[in-house]
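The structure appears below as structure tokens.
Heads up: numbering here begins at 1 and tracks the sequence. Quick note: numbers below take in every heavy atom, side chains included, and nothing from hydrogens, waters or symmetry partners.
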Amino acid sequence: MMKSYPSHASARGFTLIEVLIALFVLSVAVLGIAGLQITSKRTNFEAVQRTTATFFAQELMERIRANESQLTVYTNAGAGRTIQLAGSDGISATNCSTAACDTATVAMYDLFEFSQSLRGVAELQGTTATGGLVEPTVCITGPVVPPGIVSVAVAWRGTTRLSNPGINNCGATSGRYDDDGDADVMRRVLLVNAFVE
């Protein structure tokens with residue numbers, strides 16, 4: 001009687017090459033998922049920054065409209081006011097929530113509270129402010145006295161390179177939004193206009 005041996009076609013299992021190909025495909029998929037996660041986090045952060053800038057600009061505009069007789073304080077007598085969080089920005093810190101203040105002092109306190117919000121003092125991690133915007137600059141322009149159009153422009157530093165937004169020059173050429181000397185490609189700007197009577 002003859003012995004029969006199994007043929008190679010009936011062999012079972014994976015070869016080393018098949019295992020390596022499967023590992024390669026799996027690693028490419030995992031890298032793709034990781035890249036997608038990083039892009040998602042970056043996009044989410046940009047959205048949070050834009051939402052925060054919108055909230056701040058609208059809040060300041062409402063404060064200006066509520067105290068429109070002091071438009072000259074908000075707009076720096078029509079010359080325009082820039083808040084860059086460098087030092088005090090010429091803003092007094094009289095607390096009008098605990099002391100009686102005239103309308104001009106209330107306007108300065110509005111600007112002070114606004115600058116504190118930009119600094120992120122409402123959200124603290126220990127003693128470090130973590131809220132607010134990244135490298136914010138705020139520009140307030142308008143007439144000395146109402147009526148007129150008041151503009152609040154909020155600029156901040158984004159996470160990716162884009163073209164320089166041309167809707168407003170708030171913070172432009174300050175060097176805070178350059179990336180390796182190029183023209184403000186990290187600058188993001190939000191502009192809110194309102195007619196104040």
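- Shown here are the side-chain contact (heavy atoms from CB on, under 4.5 Å) partners of S117, two or more places apart in sequence or in another chain: F56.
- The backbone N or O of T15 lies less than 3.5 Å from a partner atom in the side chain of E18, making a donor-acceptor pair.
- By the side-chain contact (heavy atoms from CB on, under 4.5 Å) test, V19 is found to be paired with F14, L23, residues two or more places apart in sequence or in another chain being considered.
- In this structure, CD1 on I83 lies 6.5 Å from CG on L60, to the nearest 0.5 angstrom.
- Checked by atom type and distance alone, the side chain of D178 pairs as donor or acceptor with a backbone atom of D184 at under 3.5 Å.
- A77 pairs by the side-chain contact (heavy atoms from CB on, under 4.5 Å) definition with T72, not counting sequence neighbours.
- Both V196 and L111 belong to a common hydrophobic cluster when Ile, Leu, Val, Met, Phe, Trp and Tyr are linked at side-chain heavy-atom distances under 4.5 angstrom.
- A donor-acceptor pair under 3.5 Å is formed between the side chain of T39 and the backbone N or O of G35.
- At a threshold of 4.5 Å between non-hydrogen side-chain atoms, the residues N67 and Y74 count as touching.
- L16 belongs to a hydrophobic cluster whose other members, connected by ILVMFWY side-chain contacts under 4.5 Å either directly or through intermediates, are L20.
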Report the C-alpha distance between V154 and V189 in whole Å, list the side-chain angles of each, state the deciding distance to 0.1 Å, and finish with yes or no for side chain to side chain contact (heavy atoms under 4.5 Å, CB included). CA-CA 6 Å; V154 181; V189 178; over 6 Å; no

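- Within the 4.5 Å cutoff, side-chain heavy atoms of V152 are placed close to those of V138.
- Taking CZ from R188 and CG from L190, the interatomic distance works out to 13.0 Å, rounded to the nearest 0.5 Å.
- Screening residues 50-66 for salt bridge (Lys or Arg N to Asp or Glu O under 4.0 Å) gives E59-R63, R63-D110, R63-E113 as the qualifying pairs, with residues at least two apart or on separate chains.
- Closest approach of R187 and G171 over heavy atoms only: CD-C, 4.1 Å.
- The shortest non-hydrogen separation linking T52 to G132 is CG2-O, 4.2 Å.
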Please assess R81 against T75 for the test side chain to side chain contact (heavy atoms under 4.5 Å, CB included), listing each intermediate value before the final yes or no. CA-CA 5 Å; R81 181 176 298 279; T75 64; over 6 Å; no

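- Nearest approach of G148 to P143, heavy atoms of both residues: CA-CG, 3.8 Å.
- Taking Ile, Leu, Val, Met, Phe, Trp and Tyr as members and joining any whose side-chain heavy atoms lie under 4.5 Å apart, directly or through other members, V48 forms no hydrophobic cluster with any other residue.
- V106 and M108 end up in different hydrophobic clusters when Ile, Leu, Val, Met, Phe, Trp and Tyr side chains are linked at under 4.5 Å.
- The minimum heavy-atom distance between A57 and V192, with the atom names listed, is CB-CG2, 3.7 Å.
- V150 has its side chain out of reach of T141: every pair of non-hydrogen atoms, C-beta onward, lies at least 4.5 Å apart.
- Of the inter-residue distances, the one linking E68 atom CD with E197 atom CD reads 7.0 Å to the nearest 0.5 angstrom.
- Of all non-hydrogen atoms in V73 and A107, the two that sit nearest each other are CG1-CB, 3.7 Å.
- With D102 contributing its side chain and T105 its backbone, the two residues share a donor-acceptor pair below 3.5 Å.
- For R176, the side-chain hydrogen bond (donor to acceptor under 3.5 Å, both in side chains) partners two or more places apart in sequence, or in a different chain, are E135, T137.
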Y109 vs T94, test: side chain to side chain contact (heavy atoms under 4.5 Å, CB included). Steps then yes/no. CA-CA 6 Å; Y109 186 61; T94 302; 5.6 Å; no

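- Contact of the F45 side chain with the V134 side chain is registered, since non-hydrogen atoms from C-beta on lie closer than 4.5 Å.
- In this structure, V185 shares a hydrophobic cluster with M186, the cluster being traced through Ile, Leu, Val, Met, Phe, Trp and Tyr side chains under 4.5 angstrom apart.
- Here T43 pairs with nothing under the side-chain hydrogen bond (donor to acceptor under 3.5 Å, both in side chains) rule; sequence neighbours left out.
- Y177 belongs to no hydrophobic cluster, as no Ile, Leu, Val, Met, Phe, Trp or Tyr side chain comes under 4.5 Å of its own.
- In this structure, CD1 on I64 lies 5.0 Å from CD1 on I140, to the nearest 0.5 angstrom.
- With sequence neighbours excluded, no residue forms a side-chain hydrogen bond (donor to acceptor under 3.5 Å, both in side chains) with N44.
- For N193, the side-chain hydrogen bond (donor to acceptor under 3.5 Å, both in side chains) test picks out S151, with sequence neighbours left out.
- The CZ atom of R42 sits 5.5 Å away from atom OG1 of T159, with the distance rounded to the nearest 0.5 Å.
- I149 and L71 fall into different hydrophobic clusters, where Ile, Leu, Val, Met, Phe, Trp and Tyr residues are linked whenever their side-chain heavy atoms come under 4.5 Å apart, directly or through other members.
- For the atom pair CD1 (I33) and CD1 (I38), the distance works out to 12.5 Å, reported to the nearest 0.5 Å.
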